[in-house]
Amino acid sequence: MTRLSRVGVAATAIFVALSAYAASTGAWKLLGITWVAFAAMALAAPLGARHRDEGANALVWGYGLASGAMVTSAAVFLVPQAMGHHPQYGGFGIAAGLLAGFGSHTVGHRLAHMDLPIDRTVAELTAHAFSAGLIIGIVYGNMPGLGPTLGLAIVSHKGPAGYAAARRLASKNRSASALLLPAAALGIGAILSSIVVLPESAPFRGIVFGFAAGVFLHVAMDFLPRCEIGSEIHEHLSAEGDAHALLDRLRNHAVASTTLGGAAVFVAWLFVV
């Protein structure tokens, strides 16, 4: 459990080296977003490993706040950009992003049947983080005037995701330091893709920004806290009693947390504008 993951340390070293390059180009906004994402997952991991027997309330609020913020940010910052470039192509891009997000679950499920050198949970998180980083890098690389609110909302789920993943690793007596790999993967993907310059074609940019909006909307909806029998929240219930009654109470917390997450973005947008 205390053994440090060599792959995680290597990924962190690569991230640090790329961060030095990004700093030399003045990409401070992108650096801030990626390091917040790294810190959120890296710091949440030991907490999840240490408190594996705690109840599900922390996860409901963590996932709820993050998903509410992500849904609102994608709808407010990315969807208008996509539609502004080209309404029809932007719409097709959003649809493609949503469907691609859904299809990624099939790929993730296939990982469960493969003999991987790393834990399946870590592999899925790494693939998700790297792909999200690629999109974040392209968006901020081509929209330098975009504020940090969108990026910070998009990566806000890294904390609760790292917390939940660390609990699963701890239950298998595996080191939570393996989560340094997905924590660093987002920043690696973002910095590498930020150098990509998109063509000025309005339809092409509409598709790209629409696709980004669709992917992030799918991720946000995937992190909505589902308080159902058999869900991840149900698996983390530690209190005794009627599961249905406990889940009913948690549903109220889920609604409150997602609403607050969206409201937080609205307040931030008011101050930014």
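Just so it is clear, the values below take in all heavy atoms, side chains as well, and ignore hydrogens, waters and symmetry mates.
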Check [X] against [Y] and note the closest heavy-atom contact, atom names and distance.
X      : Y      : answer
Pro80  : Ala75  : CD-O, 3.2 Å
Gly147 : Tyr140 : O-OH, 2.7 Å
Ala37  : Val155 : CB-CB, 3.6 Å
Ala153 : Val265 : CB-CG2, 4.4 Å

d(Leu192 CG, Ile138 CD1) to nearest 0.5 Å is 11.0 Å
From Phe211 atom CZ to Leu99 atom CG, the distance as rounded to the nearest 0.5 Å: 9.5 Å
Could you see if [X] belongs to whatever hydrophobic cluster contains [Y]? Use Ile, Leu, Val, Met, Phe, Trp, Tyr and a side-chain cutoff under 4.5 Å.
X      : Y      : answer
Phe92  : Phe204 : no
Val219 : Leu65  : no
Ile33  : Phe223 : yes
Val79  : Met221 : yes
Leu152 : Tyr63  : yes

With sequence neighbours left out, what residues match Ile14 under side-chain contact (heavy atoms from CB on, under 4.5 Å)? Leu18, Ile188
Does any part of the side chain of [Y], heavy atoms only, come nearer than 4.5 Å to the side chain of [X], both counted from C-beta?
X      : Y      : result
Met143 : Phe209 : yes
His128 : His157 : yes
Ser19  : Ile191 : yes
His86  : Arg205 : no
Ser156 : Met70  : yes
Val76  : Leu150 : no

Could you name each residue pair satisfying ring pair (Phe, Tyr, Trp, His ring centres under 6.0 Å) that touches residues 5-43, not counting sequence neighbours? Phe15-Trp35, Phe15-Phe38, Trp35-Phe38
